[in-house]
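In each ligand, atom 1 is the first atom listed, and ligand 1 is the first ligand listed.
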Amino acid sequence: MPELPDLTIVAEAFHAALAGRSITSAAAPAPLAVRGTPAELQALVGQRLEAVRRRGKFLILELDGDRAVVNPMLTGRFQLAAPEARQPTKTAVVLGFGPRSGGPSDAAPWTSGAAWIPEDTAASEVRYRDPTQMGKVYLLPAGVERSVPGMGEEEQGPDADDPELTLDVWRGRIRRHPGELKNLLRNQAFVAGIGNAYSDEILHAARLLPFRKRSSLASEEIDELYAATGSTLARAVDILRARVPPTFEQQVRDFLAVHMKGGQPCPRCGTKISEVKAGGFVTSYCRGCQR
Ligand SMILES: [Zn+2]
């Protein structure tokens with residue numbers, strides 16, 4: 001499942017590659033992935049892409065008229081490709097982009113001069129692919145009220161990497177959530193963007209067990225969890241910037257310390273990593289160094 005680090009890379013890269021270009025074609029080979037009418041999809045053609053952003057686990061395309069929001073859920077992936085490149089199977093939505101006169105002035109510095117950014121004169125395509133078709137592409141035409149499940153005021157807290165999520169804000173928000181730490185981190189209403197993989201990583205970094213209750217934490221442990229959240233996500237974003245492009249459709253997870261590494265030695269203490277499966281999700285942690 002794409003989480004904050006994965007989608008941050010896609011958003012920064014697609015913004016650098018595509019902002020300033022107009023949509024030249026819009027197709028939905030798997031129309032069930034689209035929340036919106038065929039007419040609304042066609043109405044994207046001719047609109048200029050102003051920005052690509054991430055919010056929580058959503059990718060947002062800001063056009064000069066409408067907006068499109070993608071929730072990739074478990075298996076949704078994004079590809080940036082030349083129009084003539086072979087389209088992968090299970091492609092759900094394809095947006096074609098035309099030439100532009102210069103890239104955006106606010107592109108992320110790491111994208112500067114990247115070889116995978118199409119020439120300004122070249123056409124390009126974004127393909128959204130989803131083998132399980134659980135993800136959705138929400139079309140939000142200007143003036144149309146359409147709710148995006150998971151994006152409501154009450155449903156989504158601040159992004160886990162939002163600079164306004166200070167330690168004081170964290171201490172205040174976490175009080176409302178007495179339950180298990182893994183569930184707490186994955187709860188988008190607490191902070192947005194963390195899922196099954198990075199919750200395991202953050203808890204390992206904070207040396208806290210996933211099934212421990214927040215109500216049992218000492219105040220220093222609450223602060224450690226805050227620090228581990230910031231450092232774990234920032235480190236992952238740094239690594240992914242170097243490793244993901246140009247295959248944005250690949251999820252790079254091999255550098256993680258514990259998630260899905262059950263049976264392997266913990267990189268910090270050498271204890272064999274434990275793995276628990278519940279509700280279709282794997283939780284990985286170390287009994288040796290997490291308390
Ligand atoms: Zn360990």
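- A donor-acceptor pair under 3.5 Å is absent between the side-chain atoms of Q133 and the main chain of P131, judged by distance alone.
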Give the table of side-chain donor-acceptor pairs shorter than 3.5 Å for residues 78-85, with sequence neighbours excluded, one pair per line with atom names and distance.
from : atom 1 : to   : atom 2 : distance (Å)
Q79  : OE1    : R127 : NH1    : 2.9
Q79  : NE2    : E249 : OE2    : 3.3

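- Side-chain N/O atoms of H177 and N183 include no donor and acceptor closer than 3.5 Å.
- Checked against salt bridge (Lys or Arg N to Asp or Glu O under 4.0 Å), R100 has the following partners two or more places apart in sequence or in another chain: D120.
- For the 3.5 Å distance criterion, the side chains of S274 and R287 qualify, holding a donor opposite an acceptor.
- For the Zn ion (ligand 1), the neighbouring protein N/O/S atoms at less than 2.8 Å, given as residue and atom, are C266 SG, C269 SG, C286 SG, C289 SG.
- The ring-ring contact (aromatic ring centres under 6.0 Å, His included) pairs that include a residue from residues 52-77 number zero, where partners must be two or more places apart or lie in different chains.
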